[in-house]
Amino acid sequence: MTKIFIDAGHGGPDPGVVVNGVTEEYVNLNVARYLAQHLRDAGYSVMEYRTTSSENVLPDKNADLRNRANMANEWGANYFISIHTNSSTNTAAQGAEAYVYTMGGEAERLGESILQAISDRVGSINRGVMQANFAVLRLTRMPAVLVELGYASNPTEALNLNSPAWQRAVAEAIFVGIVAEIGLPI
């Protein structure tokens, strides 16, 4: 059975971005939980790093990031999806983007599929897939994608990020992007 590890970014002592009434850890958690349910309903095996604000979160940020990757590796996940919310000093910045550790492979294709589905289903600008040396991408042994849902620093996107209906819709979009790339479990 295909195993997908869902990482709701931040949590515990690290709330992530807090701007325009958006607290990243809560947006990430809500979207991750909706996504996990879609995946389970479709027959995937799913492990979530956290299902509450602080579950599994370690106080040391570097240790926590290693723990996220280690849990996915030890579980034998086939894919790793990390959910995040972006911010910028430029309040006009907008759109969804994805990060992978190495370009040109399955993770990049999965990131592209997820971003295309987000763009198609919720109308977000597709900012593309980029390479990054983030710990959760570098330390995982399976294709890993970190998805930035949108910019909390953008007042319009902040309203979306805080909307439960939008959170459900973007989670469904990520699900559609995953299925479009890897197919339904057998």
Less than 4.5 Å apart, any side-chain heavy atom of [X] and any of [Y]?
| X | Y | value |
| --- | --- | --- |
| V122 | W166 | yes |
| V27 | V22 | yes |
| E25 | L29 | no |
| Y26 | S53 | yes |
| I182 | I4 | yes |
| Q131 | T102 | no |
| I114 | V147 | yes |
| L149 | L161 | yes |

Restricting to non-hydrogen atoms, name the atom on [X] and the atom on [Y] that form the minimum distance, rounded to 0.1 Å.
| X | Y | answer |
| --- | --- | --- |
| A135 | L65 | CB-CB, 3.9 Å |
| A158 | A152 | CB-O, 3.5 Å |
| R50 | T52 | NH1-O, 3.1 Å |
| V100 | A144 | CG1-O, 3.7 Å |
| G177 | S113 | O-OG, 2.6 Å |
| E148 | T85 | OE1-C, 3.0 Å |

With a cut-off of 3.5 Å and sequence neighbours excluded, list every side-chain donor-acceptor pair involving residues 168-175.
{"residue": "R168", "atom": "NH1", "partner": "Y34", "partner atom": "OH", "Å": "3.4"}
{"residue": "E172", "atom": "OE2", "partner": "R121", "partner atom": "NH2", "Å": "2.9"}

Rounded to the nearest 0.5 Å, what separates atom [atom1] in [X] from atom [atom2] in [Y]?
| X | Y | atom1 | atom2 | value |
| --- | --- | --- | --- | --- |
| Q94 | Y151 | CD | OH | 10.0 Å |
| F134 | S82 | CZ | OG | 9.5 Å |
| I125 | L115 | CD1 | CG | 12.5 Å |
| T2 | I178 | OG1 | CD1 | 11.0 Å |
| S124 | N160 | OG | CG | 7.0 Å |
| M130 | L146 | CE | CG | 10.5 Å |

Side chain to side chain contact (heavy atoms under 4.5 Å, CB included) between E48 and R40, worked out: CA-CA 11 Å; E48 297 171 78; R40 284 188 183 103; 3.0 Å; yes
Verify the cluster assignment for [X] and [Y]: are they in a single hydrophobic cluster under the rule of side-chain heavy atoms below 4.5 Å apart?
| X | Y | value |
| --- | --- | --- |
| M142 | M1 | no |
| I6 | M47 | no |
| W75 | L39 | no |
| V145 | L139 | no |

Set of ring-ring contact (aromatic ring centres under 6.0 Å, His included) partners for Y101, sequence neighbours left out: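 Scan of Y101 (ring-ring contact (aromatic ring centres under 6.0 Å, His included), adjacent residues dropped) gives none.
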Residue list, side chain to side chain contact (heavy atoms under 4.5 Å, CB included) with D64, at least two apart or on another chain: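 D64 satisfies side chain to side chain contact (heavy atoms under 4.5 Å, CB included) with Y49, V57, L58, R68 once adjacent residues are dropped.
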Partners passing side chain to side chain contact (heavy atoms under 4.5 Å, CB included) against E112 (at least two apart in sequence or in another chain):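 Result, side chain to side chain contact (heavy atoms under 4.5 Å, CB included) vs E112: E108, V129.
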Sidechain N-carboxylate O distance under 4.0 Å for E74, R141: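 R141 and E74: not salt-bridged.
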E97 with R127: basic N within carboxylate O range, under 4.0 Å: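 R127 and E97: salt-bridged.
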Using a 3.5 Å cut-off and no angle test, enumerate the donor-acceptor pairs between side-chain atoms of residues 11-19 and protein atoms at least two apart in sequence or in another chain.
{"residue": "D14", "atom": "OD1", "partner": "H10", "partner atom": "ND1", "Å": "3.3"}
{"residue": "D14", "atom": "OD1", "partner": "G16", "partner atom": "N", "Å": "3.1"}
{"residue": "D14", "atom": "OD2", "partner": "H10", "partner atom": "ND1", "Å": "2.8"}

Test side chain to side chain contact (heavy atoms under 4.5 Å, CB included) applied to V136 and D7, step by step: CA-CA 9 Å; V136 294; D7 171 34; 4.1 Å; yes
Test ring-ring contact (aromatic ring centres under 6.0 Å, His included) applied to Y79 and F5, step by step: CA-CA 6 Å; Y79 299 94; F5 189 93; over 10 Å; no
Qualifying residues under side-chain hydrogen bond (donor to acceptor under 3.5 Å, both in side chains), relative to Y44, sequence neighbours excluded: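 Scan of Y44 (side-chain hydrogen bond (donor to acceptor under 3.5 Å, both in side chains), adjacent residues dropped) gives none.
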Any donor-acceptor N or O pair under 3.5 Å, side chains S119, N126: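 No, because no side-chain N or O of S119 sits under 3.5 Å from a partner of the opposite role on N126.
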Worked check of side chain to side chain contact (heavy atoms under 4.5 Å, CB included) between N154 and T91: CA-CA 5 Å; N154 178 303; T91 59; 5.8 Å; no
